[in-house]
Amino acid sequence: MFADVIVDISHKNVDRPFCYRVPDAILPDIHIGSKVEMPFGQGDRVRTGYVIGLNENPTDEIEESRIKDLRGVVKGSVSAEENLIALAAFIKEQYGSTMIHALQTVLPVKREIKTREERMIHAGVPELTLQQGALEALKKKQKAKARLLEELVTSSRINYSLVTGKLNVPAQTVKSLEKAGFLTIEVVKTEELPFTFRREDTRPNALSDEQQHILDTVKRDRENGEIKNYYIYGITGSGKTEVYMGLIEECLKEGKQAILLIPEISLTYQNLQRFYHRFGNKVSVVHSKLTDGEKYRQIKRAMDGEISIMIGPRSALFTPFRNLGLIIIDEEHEPSYKSESMPKYHAREVAIKLGELTGANVVMGSATPSVDAFYRIQNGELPMFRLSRRLTGGELAKVHVVDMKEELANGNKTVFSGILKSMITKRLEDGEQTMLFLNRRGYAGSVVCRECGEVIKCPHCDISLSQHMGGKLVCHYCGYETESVKKCPKCGSVRIAGFRAGTEQIEEQIHKTFPQAVVLRMDADTTKKAEDYESILSKFASGEADILLGTQMIVKGHDFRNVTLMGVLLADMSLNGSDYRSAERTFQLLTQAVGRAGRGELASDAVIQTYQPEHYAVTFAAAQDYEGFYEEEIAYREFLDYPPAGHMLSVQFFGPDWKRLSQLSLGICREIEPMLVEKASVSQIGPGKAALGKKKDIYRQVVYYKCKDIGRLIAVKDYIEKRIGSLSLNGEQIQFDMDPMNSF
Ligand code: ADP
Ligand code: ZN
Ligand code: ZN
């Protein structure tokens, strides 16, 4: 037996592995991730390293006689590094990638920690003067000025970027207050995170019976030596976060650490503040806006035992805590938990593996569980708790589904249905606020009949076809192509076309229809800078606009108590997205959107505009009926063997030359076919042109494999990986995506 060993795992690029012979004596103790001792470099100094691979034959191209022996396995408790290496091996196996690539994904990358310069604002006058200043500013309707002065009353030292970002105070206002002596600005060098939180002693809420039951069950199971994973299913505001905090507290009491995964978009000031208030400086955050040095600093704090709670998106999972006790995945259904670059891992599955390796509980929560998770719940593999009441008060919105086909039949060609238009008008008169959600997913044009709602679908895959440049309709799964249709095949109408609409066009429409309304727009274009997102939200929250128009960013989190109307402009957009998760994604977005209205005391409405008012994703979302939706959806998945009823592997081919690429993918398919006959349960679909058939002059092709048994798909993947490795290619590349979340 031979072992591949890496010597220094926190090097910038994980070192090349070295090959060692495994003496028989230590064979029983060695596994991937093991910390080992071996002679290394000049004079054969003894060093430690980690095993990243075990093979029958040496991998180094040196004479066998020159390969050195490992000295031994380092005994003692399993280190964070060992667990992460084992996790990398899982990722490599499950999702397809090289071991080095997987290691680079999970291991902390050592970076220089630069101190950053940060501006801090201090109060320059006593509290009373600040209060008087705030009052005067209010009288003069200088809202921003008043906001800043009030903030200075409660916290005498505030981060500058927080003031211009979250508090939304213009830089000139800060300057003028500095001139007037109300405040001073200090430049400090800091290694800390670019946010500061006021420390507050908040007493945790007394938990409801439902909440307490969750804590008790987890604790009792742990005491009985049962480390399980759990699901908390409850609408927004039902108290999930409060339970997470209780679980974290229990975990810390055991002397262990916790990781809380939340989608990047939910990493808002409001959300983080609660954790800082409760746990103070034991908490840290990693997210994509941090520099590499800042990220490494936070990871190092975890390694050094300075912090016990790490909050962040997907990659926070790889925080090298010494004694992990709990992993929480909030908003478990979020597609962003799946990595879209190699290795294309799903954080939920990797978290479950990490839980197994470390003995940590994995607790997931959502108002709209993914179909994958609920399938496990239904099969009894994942215990579920339900939080049944909204604790924040407020009635759910009254939902109105509008059939846009009828609007058209009645001569309304605008984007606003009659009912939505009159409801917006009413809000403008009453000084209440409206949110308008433009569902843009699957925007690249599925084809829908404007009169009967018919969607043009692939005859083989039951997936809507996409209109490509030049008008051709293409199936993203099997490559089926057909000429563009001029007439609806069902009703014969000529009013059939691909959807095209962007937020900017809609904003124009709003200005035309409601010239008196002040509109804020939130989409990728208006949120380029780190503080833009918070700044738009706080402007809207403070009543500076009547209408907030946006993409899915606006349906997340945030409570606006004055919002009494939520309009979903085109519910169908994501329904016709070209993959099997379209209905699920649409149901989640619509349910969340409807939940946005009705957070305050005022009665509220939600309007869903659609061409398919009878579609189950629409009707169940309107009824806020998750289980009803799930029953329909799982029947469809089971009928067609889509995940979670089965598994699906997408093999993605990239190459600069179309002909060579087709030959390669076709060749691989032909070669594999006999293998599949043996494993009769694996079906092969393709090769077909990818949804994005060509990107930056690189052609893309895709083959899908479906099977109930993931092990067989892994075997297919391993075979292809090996086969590709043995071919001499001209720039062709291959990627794998196990249980893909998006069409390729
Ligand atoms: P979720 O995470 O499900 O959206 P939260 O935990 O954020 O729910 O709770 C919603 C609101 O209810 C928060 O303002 C929270 O402080 C409050 N809350 C949660 N649990 C309780 C409780 N047991 N008693 C009183 N208020 C609570
Ligand atoms: Zn039609
Ligand atoms: Zn097809």
Side-chain angles (χ1 to χ4, degrees), residues 116 118 120 151 154-155 157-168 190-205 236-237 239-249 251-252 257-291 294-295 297-299 301-302 306-317 319 321 326-332 334 336-337 347 363 365-366 392 527 529-538 540-541 553-554 556-560:
R116 55 195 281 150
E118 184 109 49
M120 300 299 293
E151 193 69 19
T154 40
S155 52
R157 181 172 179 269
I158 325 172
N159 198 312
Y160 186 92
S161 61
L162 197 65
V163 168
T164 50
K166 155 85 180 143
L167 288 178
N168 190 28
T190 174
E191 283 187 350
E192 291 308 313
L193 283 172
F195 8 75
T196 52
F197 291 88
R198 257 178 288 150
R199 210 135 286 158
E200 262 173 33
D201 276 326
T202 45
R203 234 177 314 134
N205 288 310
T236 315
K240 294 186 295 295
T241 307
E242 201 72 26
V243 174
Y244 301 155
M245 292 198 289
L247 289 167
I248 290 174
E249 196 162 299
C251 169
L252 300 196
Q257 298 91 38
I259 294 170
L260 169 64
L261 299 186
I262 59 182
E264 179 99 29
I265 194 89
S266 309
L267 276 169
T268 58
Y269 182 80
Q270 267 187 0
N271 279 339
L272 293 178
Q273 200 178 28
R274 280 174 79 182
F275 286 89
Y276 276 89
H277 282 172
R278 176 99 171 240
F279 299 105
N281 56 11
K282 288 218 175 332
V283 185
S284 184
V285 180
V286 282
H287 58 82
S288 69
K289 302 255 160 66
L290 297 182
T291 65
E294 284 164 346
K295 253 180 236 166
R297 158 111 183 104
Q298 300 316 313
I299 285 173
R301 289 176 70 202
E306 283 177 36
I307 58 159
S308 312
I309 304 159
M310 183 64 96
I311 303 178
R314 210 168 58 217
S315 64
L317 198 53
T319 307
F321 279 129
L326 176 66
I327 306 165
I328 295 168
I329 309 176
D330 190 26
E331 313 263 357
E332 170 278 332
E334 268 296 307
S336 64
Y337 284 128
V363 177
S366 170
T392 39
T527 51
K529 277 192 278 135
E531 56 285 2
D532 290 341
Y533 178 68
E534 296 271 0
S535 147
I536 294 175
L537 289 177
S538 68
F540 191 60
M553 288 179 189
I554 67 166
K556 304 274 138 85
H558 278 261
D559 280 355
F560 300 108

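Only heavy atoms go into these numbers, but all of them, side chains included; no hydrogens, no water, no symmetry mates. Residues: numbered from 1 along the sequence shown.
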Close side-chain approach of [X] and [Y], heavy atoms under 4.5 Å:
{"X": "Leu267", "Y": "Tyr533", "answer": "no"}
{"X": "Leu252", "Y": "Ile309", "answer": "yes"}
{"X": "Ile248", "Y": "Phe275", "answer": "yes"}
{"X": "Lys240", "Y": "Glu331", "answer": "no"}

Find the distance between [atom1] ([X]) and [atom2] ([Y]) and round it off to the nearest 0.5 Å.
{"X": "Asp330", "Y": "Ser366", "atom1": "CG", "atom2": "OG", "result": "8.0 Å"}
{"X": "Ser315", "Y": "Leu261", "atom1": "OG", "atom2": "CG", "result": "8.5 Å"}
{"X": "Gln298", "Y": "Ile307", "atom1": "CD", "atom2": "CD1", "result": "6.5 Å"}
{"X": "Met120", "Y": "Ile158", "atom1": "CE", "atom2": "CD1", "result": "8.5 Å"}
{"X": "Ile554", "Y": "Ile536", "atom1": "CD1", "atom2": "CD1", "result": "11.0 Å"}
{"X": "Leu537", "Y": "Met553", "atom1": "CG", "atom2": "CE", "result": "10.0 Å"}

[X] to [Y] - nearest heavy-atom pair and separation:
{"X": "Tyr276", "Y": "Val285", "answer": "OH-CG2, 3.6 Å"}
{"X": "Ala302", "Y": "Thr319", "answer": "CB-CG2, 3.4 Å"}
{"X": "Arg314", "Y": "Ser336", "answer": "NH1-O, 3.0 Å"}
{"X": "His287", "Y": "Lys295", "answer": "O-CE, 3.5 Å"}
{"X": "Ser266", "Y": "Asn271", "answer": "O-ND2, 2.7 Å"}
{"X": "Ser284", "Y": "Arg301", "answer": "OG-NH1, 3.9 Å"}

Gln257 and Met310: CA distance, side-chain angles, deciding distance, side-chain contact (heavy atoms from CB on, under 4.5 Å) verdict: CA-CA 8 Å; Gln257 298 91 38; Met310 183 64 96; over 6 Å; no

Donor + acceptor pair across side chains of Glu264, Ser288 (<3.5 Å):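 Ser288 and Glu264 do have a side-chain donor-acceptor pair below 3.5 Å.
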
side-chain contact (heavy atoms from CB on, under 4.5 Å) between Leu326 and Tyr244, worked out: CA-CA 10 Å; Leu326 176 66; Tyr244 301 155; over 6 Å; no

